[in-house]
Every structure is written in C-alpha cells, then in structure tokens.
Amino acid sequence: FSQSLLQTVFPAEVRFASLKFIHRICNWFSAYCYYDITEIDGVNTNELYNAVQLYLSSSASITGNRLSLTRGLNSSTITFGLSNNDSLIDTFNGTVKVLWEHVVIPRQAQTFSWRPLPEEKRGFLLRAKKKDKAVVLGSYLDFVMEKANEIRRKNQDRLLYTNSRGGSLDSRGHPWESVPFKHPSTFETLAMDPQKKAEIMADLLDFANGESFYQTTGRAWKRGYLLYGPPGTGKSSMIAAMANFLGYDIYDLELTEVHTNSELRKLLMKTSSKSIIVIEDIDCSINLTNRKNNNNNNNSSTHSFSPPGAGSCSTEDGGNTITLSGLLNFTDGLWSCCGTERIFVFTSNHIEKLDPALLRSGRMDMHIHMSYCSFAALKILLKNYLGYDDDDVERQFLEQLEQVIEKAEMTPADISEVLIKNRRNKNKAVWELLEALRTRAERNDAVKSSSDDEEQEKRALESPKQGQLQLHDDKVH
Ligand SMILES: Nc1ncnc2c1ncn2[C@@H]1O[C@H](COP(=O)(O)OP(=O)(O)OP(=O)(O)O)[C@@H](O)[C@H]1O
Ligand SMILES: [Mg+2]
C-alpha cells in the first residue's frame, strides 16, 4: 500500500531525478573516485586490462587470500591473479593507496559481433582517493604498464614475427603474425673467432644499457648490423644468438611481401621496442642497386598504394614498388625512431652487390664478416658436437687439423654435418673430418693451380702480340 501511495504521490520522473541527485551528493562527499578498466573496449582488446592482470600477478603485490593461477600457451611460468570479484590493496610510492577489484558479470544475450565475445564481462575496478587522482592516472598507470611489459618479457618465450600475410591485417589490426621463438643458438654455441665474438657481445650490451648515452648524444636508440659471408657460415644462427642474448623478439621482414614504401612504414610502426628487425638476403630481396631510378619514381610509387595483399600494382620489377630510399627511410629516417631500443640486422651473401648508400657509416653500424671455419671456430664445434675440450683431442690430430683448416675453406655448416653424422663414434668423427678437410684442401689447391696455369697461358698468348708490337714500335722509332 505504502509503495503504491509513493508511486502516486511521486511520479517516476521525480523519483529518478531525486535518486540521481542523492547519488551526486554522495559522490560529492565521497573521498574516492572509481575507474573501470574493461577487458574489451568496443571491439578491441583493452591493453590496459591485460597489463593490470599481469601487474597484479607480480609477487610483490600478492596479498589477497584467494588467487587464481594461470599458465599461458607460450609461457614457461605460472602467473597469479585476482579471483573473480576479489579485491586487493596496492601501495604506490609509499603514500598512494589504491584498491583493485576484479569484476566479473555474466554477459546476457550474445550480441552480434565480428568475433565471438567471452561469455563473461570482465573488468578491473580501480578505487583511489580523489586527492591522488593525478598521480594514479599519470605515473601509477604508467608504472603498471611498464611493470607488466617487464613481467611479460621475463615470463614469455621470445616471439618471432613474420609479415608473410602481405599487407593484410589480423582481427586486432596487426600486420605481423607471431610464433614462439625457440631457437637454441647462443653465443656459446656459435663457432667463430672468440675475440670477434666478445667484441660483438660487448657492443650488444653497450647498446642495451645505453639509454642515457643515446639520449645525451641525441641519437635514435637503434643499431644496425650487416652480416655477410657465404651460405652456411652462421648468419641466421648469429641473429638467433643475439635475440637469446638480449631477450629481444625478432621481426623477420620478408621484403618480397611488401609492396609499397608506405606499407613498409606501417609494418615498422607496428613493431615493438626491444626487438631485432631482420631482413635476410637483402641483395636478393629487391633490386636495390639503382637508387637513382628508384628515386625518380619514388613519389608516384608511394602514392599508388595497392590494396593490402592484392599485389596487383604492375611495375617493371614484378609488382614491387618498394625502393631503396624507402628502405633507407625505414632504417634511419624519422620513422625509424617511432619505437626505441631496436636493432636492424641485414644479411647478405654478396656484399659487393649492395648499394654503397646502404653501407655508408652510420647506417649499418657494424659490418660482420662471417667466413669459413677457422681453427678457433673448429674447436668450438668439436666441443658442441663431441663434447671435446682442447686436451681431449690428441695433439697430433689438432696440429693436422690446424694445418688444413684454412686451406679447406669449409663452412661451419659443412663441418657440423660431418660431426653430426658420426657423433656416436667420436674417434671416427675426427678422422672423417680430417679426411674431408684434406680432400677439400687438395681440391682447392688443384683449382688454384689450374687457374694459375690458365692465367699464365693467357699471358703467354698475349705476350707474343705484345712482343710483336714492341718490335714494331722499335722499328718505327
Ligand atoms: N658459426 C656457426 N656456429 C655454429 N653452427 C653453425 C655456424 N654456422 C653454421 N652453423 C650450422 O649450420 C647451419 C646453417 O647455418 P645458418 O643458417 O646460420 O647459415 P647462414 O649463414 O644463415 O646461411 P644462409 O646464407 O644460407 O642463410 C645451422 O643450423 C648451424 O647449426
Ligand atoms: Mg641464413
């Protein structure tokens, strides 16, 4: 009865307005402000939600009684998180206290969407004191993001990204596809001159720890390496070792899949910091030698943007309008600094085919020649494959190996083959390796001497003519 009386005395509009008013007054007097961080923001996944989840999983802030444990697909560790509708208090800078609550509400009817939405609506509710509002929205949330990235890097295996889909984007608008990167190559297993190896490792460390250096010198925080040498000398293995050493992700850029300079720029913009951007076999990927010609039609090419994945723009070089200047802009133009802490690695089998513009100092900071297996590198391979240290191989064997290794010009890949084949019989492995090295050295000697002979013959053929000319000249004089 009282309810019906209330309804007749106060119509719905009045009741609604008064409720709103009371709510506003309560808000006015409340010392707190609240922020919702929902899992899905429109159609996109909210990065902040994932970051908060990871941040709350860091052991320092775990004080709640009830926690949920998860283990990601690519992750090798277990992470803790807040259970549904539980909350915990976090303190920032010693004074700012905030309360995090994980709110889970069942989703009612499945509304139409491009991709299936989860059955629950999840989100974090952040409660902070009004006086701390500025700190919470500014430095605290930045701190949360940074911490989450750190945890992600530590927990997750490295990722290897490729642009094999061409210019097309995935459901999140990313042009890169990723897979877990589990290459076992490290600097320890890499067979090369130890001194050169130490130099490269020191250079990488200087780079990774050089934030303030790059800041004070006004340089973009990036570095370029050019790895060149014959096939099978460990260029790709070196890139994997670099990624494992620094804990960086790898972006393997397939240049033949990129159609225009602007597509290249988009790809670059979507790379994260702390990553290695790799272009393998740069001399084969695109015709990069005629920079002038390319420069002339550069403008038209950047504007004639082909639809992603279509590859239909027909120019002389088979649908690719990407140019050397586009590539150079990619590596060291203004666009290259849209992220920080990035390493560019180009590999090539033929350094002589590359445009000097690509090689000039400052562009590729370090040129690393990966060459045939040296004696020092051989010792590393013997250790890797047979578990042999210096003293384990007989001295005379070592001396014989040392004599032929330079002449044999065998790549570490060739030597690895011999060692893998015989790894169950170590003595045989060393014997066979010595045999293989000797035959290769002899063959190289033979080839060399025959080419010497050819040259002599050529000279001999040319010399009588010269002699005649000389005679003739003499006569004239
Ligand atoms: N320096 C090295 N140290 C250890 N292993 C090596 C080395 N070089 C080659 N290998 C072995 O040989 C195989 C091929 O090497 P890798 O793919 O790194 O050669 P690459 O120089 O990248 O060749 P390509 O020019 O054909 O791409 C690797 O699986 C690796 O095991
Ligand atoms: Mg390679």
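Note that the structure is predicted; figures quoted are calculated from it, not measured. Start at 1 and go down the list; that is how both ligands and their atoms are numbered.
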Do any non-hydrogen protein atoms sit less than 4.0 Å from atom 29 (O) of ligand 1?
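No, no protein heavy atom sits under 4.0 Å from atom 29 (O) of ligand 1.
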Please work out whether any backbone atom (N, CA, C, O) or any side-chain heavy atom from C-beta onward of N349 is under 4.0 Å from ligand 1, and answer side chain, backbone, both or neither.
side chain
Between S237 and ligand 1, does any nitrogen or oxygen pair lie at a separation below 3.5 Å?
yes
Strictly by side-chain hydrogen bond (donor to acceptor under 3.5 Å, both in side chains), give each pair with a member in residues 401-412 just once, sequence neighbours left out.
T411-D414
Measure the distance from [atom] to every protein heavy atom, then report the residue, atom name and distance (to 0.1 Å) of the closest one.
atom                    : answer
atom 3 (N) of ligand 1  : A191 N, 2.7 Å
atom 26 (O) of ligand 1 : P231 CB, 3.5 Å
atom 25 (O) of ligand 1 : K235 NZ, 2.8 Å
atom 7 (C) of ligand 1  : P412 CB, 3.4 Å
atom 23 (O) of ligand 1 : G232 N, 3.0 Å

Side chains of [X] and [Y]: does their closest heavy-atom pair fall under 4.5 Å?
X    : Y    : result
L264 : L253 : yes
M410 : Y372 : no
L268 : R342 : yes

Within a distance under 4.0 Å of any heavy atom of [X], pick out the atoms of ligand 1 and give their elements.
X    : answer
T189 : 3 (N), 4 (C)
S236 : 17 (O), 18 (O), 20 (P), 22 (O), 27 (O)
A413 : 9 (C), 12 (O)

Hey, are K421 and E432 close enough for a salt bridge, meaning a charged N less than 4.0 Å from a carboxylate O?
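Yes, K421 and E432 are salt-bridged.
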Would S236 count as a contact for the Mg ion (ligand 2), in the sense that one of its N, O or S atoms lies under 2.8 Å from it?
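A backbone or side-chain N, O or S atom of S236 is under 2.8 Å from the Mg ion (ligand 2).
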For the backbone of G224 and the side chain of D365, can you confirm whether one donor and one acceptor N or O come within less than 3.5 Å of each other?
yes
Hey, what's the ring geometry for F207 with Y248, parallel, tilted or perpendicular (30° and 60° as the breaks)?
perpendicular
